[in-house]
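Below you'll find the structure, written out as structure tokens, and then a few comments.
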Amino acid sequence: MDNMEKKAAYKKLLEQFNVDSVPADAKKILDHFDEIIQGVRPLNSKQLQQLPQNIKALSHQLTDMRSERRLGYMNETVQLSSYVRYYTWWNLVRLTRLFANLPSELFPSGPAVCLDMGSGPLTVINALYLARPELRKLELTWYCVDVSSNSLALGEDIFLSLAAKLKASPWKIIRVKGSFGVSLKQKADFVTCANMLNELDQASTMPPEFQTKKYYEQFMHYASKEASFILVEPGIPKAARTLSLLRERFIKDDFYIKAPCPHSQDCPMNGFKSYTGSKNKWCNFAFSTTDAPARLLKLSELAKLPKERATLSFICAGKNKNLQEDDGLLCRITSDEFYLPARKKGYYACSELGLTLINCSQEKSFNSGDLLFINADFKRKMPDLPIDKKSGAKIIKL
């Protein structure tokens, strides 16, 4: 048998969306998040009955009717209530799963000034508080910036309710009404945003390359010299393209991409063609909603917005050097499984080789976001790896 036909030895280093990593107290709160909201912003029985149709109407404003959406739509009571009871809940499910499985080195380890741009109802802050119990003990000051003061106020009420439920001290919240670019009094050591860049992209006719330059410069204006970043966007082509372009700028400025990228080479799934409608892969990750809160799944059905998968794109950047095991190959799984000839199945992955195709037996199983380590001995044979004719990916057999 040829050397390249031998199966590579590997180990799984990380499951990016392992539900078991979410703290038990956070799961309990997420399962009954509607009760948290009802406690801080109650609806009467008639309003609760109308909630599914209001969520459906809001969904149209956020998708096919977004050109008609007002900039300050989150200041409207019905819109905000519908958003928090559906979209915020789903976003908390996504973000807590992501944050709970990220390396601890990405988060503050002591007192810090933090910034969350496009905070809305403080979704990122609430998700972090739920997902990372060790952060609840820290003295964190959060600048929360959004154009909707009502949304920020509701988000802080929810946050304080969560802190009370968890019997933990709340972080200091500084609400700032304003858009991306508003002045702040302090530089941030830790910068986050979720679903903000996508909304800005939707409101702009400029290409992502132009917009991203402005985004990056503004992020750097807000950040301290040793700041770290976690940026999360919907798992759609244009948002993934924006994050890929930001990744390039981080790398040029000597940042290390902590996740999800297993390398600092060119991004093989940068969405360059995808957002214009051409066929091309973009970096996004998904997990099943099987373990999502039952009440949320029921609400989604009532609103005629059933959701079987939760998707997102993200990048994490920092100044500390990445830890690399030996000199092997890191591969990040970026797709669901698909069937290959000869009773095999495959997964697309990202590695320093570029787009990579994992070819394995039916017995092996991986999930989107899993991080694999391919042994160092196999890496020396990589120049001779076969190439998949359909995708151009390098093939690794496990």
Side-chain angles (χ1 to χ4, degrees), residues 1-21 97-98 100-106 244 247 250-251 255-270 281 283-287 314-318 320-398:
M1 181 182 290
D2 184 271
N3 282 338
M4 295 317 300
E5 290 300 315
K6 293 181 180 178
K7 294 180 180 179
Y10 74 95
K11 60 181 176 180
K12 187 187 293 186
L13 298 181
L14 173 73
E15 293 182 27
Q16 189 60 75
F17 300 104
N18 184 358
V19 68
D20 293 333
S21 298
R97 191 82 70 92
L98 173 66
N101 288 285
L102 287 174
S104 59
E105 65 182 88
L106 291 171
S244 180
R247 173 186 180 273
F250 277 123
I251 292 173
F255 281 86
Y256 293 94
I257 304 302
K258 304 291 187 174
C261 313
H263 61 87
S264 296
Q265 309 301 320
D266 290 341
C267 176
M269 290 175 287
N270 59 24
K281 298 189 183 303
C283 183
N284 69 103
F285 303 92
F287 59 89
F314 73 100
I315 56 170
C316 306
N320 294 328
K321 187 175 182 179
N322 295 339
L323 296 177
Q324 175 78 24
E325 290 202 18
D326 304 321
D327 62 343
L329 179 73
L330 291 174
C331 291
R332 177 79 71 167
I333 302 295
T334 58
S335 76
D336 293 326
E337 67 181 41
F338 51 90
Y339 291 103
L340 296 173
R343 298 174 63 84
K344 301 291 184 180
K345 63 182 178 182
Y347 300 85
Y348 284 117
C350 179
S351 75
E352 66 182 66
L353 299 173
L355 185 63
T356 305
L357 173 60
I358 302 296
N359 180 310
C360 61
S361 65
Q362 297 284 352
E363 291 74 31
K364 291 184 174 65
S365 181
F366 305 110
N367 294 307
S368 175
D370 286 357
L371 184 63
L372 308 183
F373 176 77
I374 312 295
N375 71 310
D377 179 64
F378 187 80
K379 186 176 180 179
R380 288 188 281 274
K381 305 167 185 174
M382 289 175 189
D384 300 318
L385 285 173
I387 297 177
D388 178 53
K389 293 180 180 179
K390 178 180 178 181
S391 62
K394 290 272 189 167
I395 302 174
I396 294 180
K397 295 185 178 182
L398 300 182

- Student check: side-chain heavy atoms of His263 and Leu330 closer than 4.5 Å: no
- Partners meeting salt bridge (charged side-chain N to carboxylate O under 4.0 Å, His left out) with Asp336 (sequence neighbours left out): Arg309
- Can you tell if the side chain of Arg332 reaches within under 4.5 Å of the side chain of Leu14, non-hydrogen atoms only? yes
- Message: Within the structure provided, determine whether Tyr10 and Asn375 are in side-chain contact (heavy-atom separation under 4.5 Å).
- Response: no
- Decide yes or no for Phe373 and Leu329: does some side-chain heavy atom of the first lie under 4.5 Å from some side-chain heavy atom of the second? no
- Roughly how far, to the nearest 0.5 Å, is the CG atom of Leu340 from the SG atom of Cys360? 8.0 Å
- Note on the structure: Heavy atoms of Ser351 and Pro262 approach each other most closely as CA-CG, 4.1 Å
- Do the non-hydrogen side-chain atoms of Ile333 and Leu372 ever get within less than 4.5 Å of each other? yes
- Query: Under the salt bridge (charged side-chain N to carboxylate O under 4.0 Å, His left out) test, which residues partner Lys364, sequence neighbours left out?
  - Reply: none
- Item | Nearest atoms (heavy-atom pairs only) where Phe366 meets Tyr347 | N-OH, 3.1 Å
- Message: Show the nearest heavy-atom pair for residues Asn270 and Ser244, with the distance to one decimal.
- Response: CB-OG, 3.1 Å
- Item | Smallest separation among heavy atoms of Met269 and Cys350, with atom names | CE-CB, 3.5 Å
- Task: Considering non-hydrogen atoms only, spot the tightest contact between Ala317 and Ile257 and give its length.
- Result: CB-CD1, 4.1 Å
- Task: For residues Gln16 and Phe285, determine if any side-chain heavy atom of one lies less than 4.5 Å from a side-chain heavy atom of the other.
- Result: no
- Which heavy-atom pair separates Cys261 from Arg247 by the least distance, and what is that distance? SG-NE, 3.1 Å
- Task: Show the numbers, then the answer: is there a side-chain contact (heavy atoms from CB on, under 4.5 Å) between Leu355 and Leu357?
- Result: CA-CA 7 Å; Leu355 185 63; Leu357 173 60; over 6 Å; no
- Min side-chain heavy-atom separation Tyr348-Asp388 under 4.5 Å: yes
